[in-house]
Amino acid sequence: MKPITFACRESLPLSPADIAGQILDLQQWTDFQGYGLLPGIASAEFEERTAEVVGTRIRVVNQDDSRHVEEILAWNLESGLTLRMHDFSRPLSGIATHFLEHWRMEPTATGTDVTRSFELYPRSWLTRPLLWLISFPFQKAIARHLQQLRSAAD
C-alpha cells in the first residue's frame, strides 16, 4: 500500500558525524516532546546494539506508555541513515504496519543541512485516513525537534 509521506528540513551547526552520534545517544531521545496529542518519548533503551550499527534495535516507551521498536536499516553518513519504526503497541498497531525515517545530511560551510523524511504505512485502506490525520502532528513534532537540535547546538 502506498505510504503517507512528509519531510522536514533544517540547517544544523553540527557535522554529520556529530548528528549521528546524537542519534545513538539514547539519553537525548527524551528531548523529543511530541506535538498535541502525539506523545513525546519517555525512555529509549538498546534492545540489541550491533558493532556495525546497522541492525541495532531500540525499544521506545512514549509519555502515554505506548511503545515501539526502532531498527537501524542503513548507517552511512554520506548516503544517509534509515530507521524502521515497528512493533507498535495499541492503538497505533491497528492503524499502521511500520514507518520508515530517512536522514539525509549535506555538509555545508557552517554545519549540515538535514532532511528527515518519513513514510507511514497504513494497515489498510480503511486506516489510511486516520494515519493521514496523525501525520500532521507528527510532522510538527519532527520540525520542532529539528529546531531543538539547532538551538541546543548554537
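Across Leu73 and Val54, no two heavy atoms sit closer than the pair O-CG1, 3.6 Å. Nearest approach of Ala20 to Leu77, heavy atoms of both residues: CB-CD2, 3.5 Å. In plain terms, the two heavy atoms of Thr127 and Gly94 that are nearest each other are CG2-O, 3.4 Å. Of all heavy-atom pairs between Arg9 and Ala7, the closest is NH1-CB, 4.2 Å.
Counting heavy-atom neighbours within 6.0 Å of Glu47 CD, excluding the residue itself, gives a total above 12. More than 12 heavy atoms of other shown residues, nucleotides or ligands fall within 6.0 angstrom of atom CD in Glu52. Around CG of Leu37, the count of heavy atoms belonging to other residues, nucleotides or ligands within 6.0 Å does not exceed 12. Around the CD atom of Glu106, the shell of radius 6.0 Å holds no more than 12 heavy atoms that belong to other residues, nucleotides or ligands.
Counting heavy atoms from C-beta on, the side chains of Thr50 and Trp75 never come closer than 4.5 Å. Contact check for Arg123 versus Ile95: no side-chain heavy atoms found under the 4.5 Å cut-off. Contact annotation: the side chain of Pro16 never approaches that of Ile19 to less than 4.5 Å [non-hydrogen atoms, C-beta and beyond]. When side chains are defined from C-beta on, Ile142 counts as touching Phe32, because their heavy atoms get closer than 4.5 Å. You'll find the side chain of Leu146 reaches within 4.5 Å of the side chain of Val114, heavy atoms only. Side chains of Met85 and Val69 form no contact here, defined as non-hydrogen atoms less than 4.5 Å apart. Side-chain contact between Leu120 and Ser135 is present, with at least one heavy-atom pair separated by less than 4.5 Å.
The pair Arg116-Glu101 counts as a salt bridge, with a side-chain nitrogen and a carboxylate oxygen less than 4.0 angstrom apart. Under the 4.0 Å criterion applied to side-chain N and carboxylate O atoms, Asp31 and Arg144 are not assigned as salt-bridge partners.
In the hydrophobic clustering, where aliphatic and aromatic side chains (Ile, Leu, Val, Met, Phe, Trp, Tyr) are joined below 4.5 Å either directly or transitively, Val61 stands alone.
Not one N or O on the side chain of Ser151 forms a donor-acceptor pair closer than 3.5 Å with the backbone of Gln148. Under a 3.5 Å cut-off, the side chain of Ser89 and the backbone N or O of Arg67 do form a donor-acceptor pair. Not a single donor-acceptor pair under 3.5 Å links the side chain of Thr30 to the backbone N or O of Ile41. Formation of a donor-acceptor pair under 3.5 Å by the Asn76 side chain with backbone atoms of Ser79 is found in this model. Between the side chain of Ser66 and the backbone N or O of Asn62, no donor-acceptor pair lies under 3.5 Å.
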Arg150 vs Glu10, salt bridge (charged side-chain N to carboxylate O under 4.0 Å, His left out): CA-CA, chis, key distance, verdict: CA-CA 8 Å; Arg150 185 191 66 219; Glu10 189 66 61; 2.5 Å; yes
Step-by-step side-chain contact (heavy atoms from CB on, under 4.5 Å) determination, Asp87 to Arg57: CA-CA 11 Å; Asp87 288 346; Arg57 293 170 50 96; 3.7 Å; yes
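To the nearest 0.5 Å, the span separating CD on Glu70 from CZ on Phe99 amounts to 10.0 Å. Separating the NZ atom in Lys140 from the CG atom in Leu38 is a distance of 13.0 Å, to the nearest 0.5 Å. With values rounded to the nearest 0.5 angstrom, Leu92 atom CG is found 9.0 Å from His68 atom NE2. Considering CD1 of Ile23 and CD1 of Ile72, their distance stands at 7.5 Å, rounded to 0.5 Å. Interatomic distance, OG of Ser43 versus CG of Asp65, reported as 9.0 Å (0.5 Å rounding). Taken to the nearest 0.5 Å, the OG atom of Ser124 stands 10.5 Å off from the CZ atom of Arg128.
No side-chain N or O of Gln22 forms a donor-acceptor pair with one of Asp25 less than 3.5 Å apart. In the model, Thr108 has no side-chain atom that pairs as donor or acceptor with a side-chain atom of Asp113 under 3.5 Å.
Cluster membership check: Tyr35 does not share its hydrophobic cluster with Leu133, using side-chain heavy-atom separations under 4.5 Å among Ile, Leu, Val, Met, Phe, Trp and Tyr. Note on Trp29 and Phe46: same hydrophobic cluster, where clusters join Ile, Leu, Val, Met, Phe, Trp and Tyr whose side-chain heavy atoms are under 4.5 Å apart, directly or indirectly.
Applying the ring pair (Phe, Tyr, Trp, His ring centres under 6.0 Å) rule to pairs touching residues 102-126 yields Phe6-Phe118, His98-Tyr121, Phe118-Phe138, sequence neighbours excluded.
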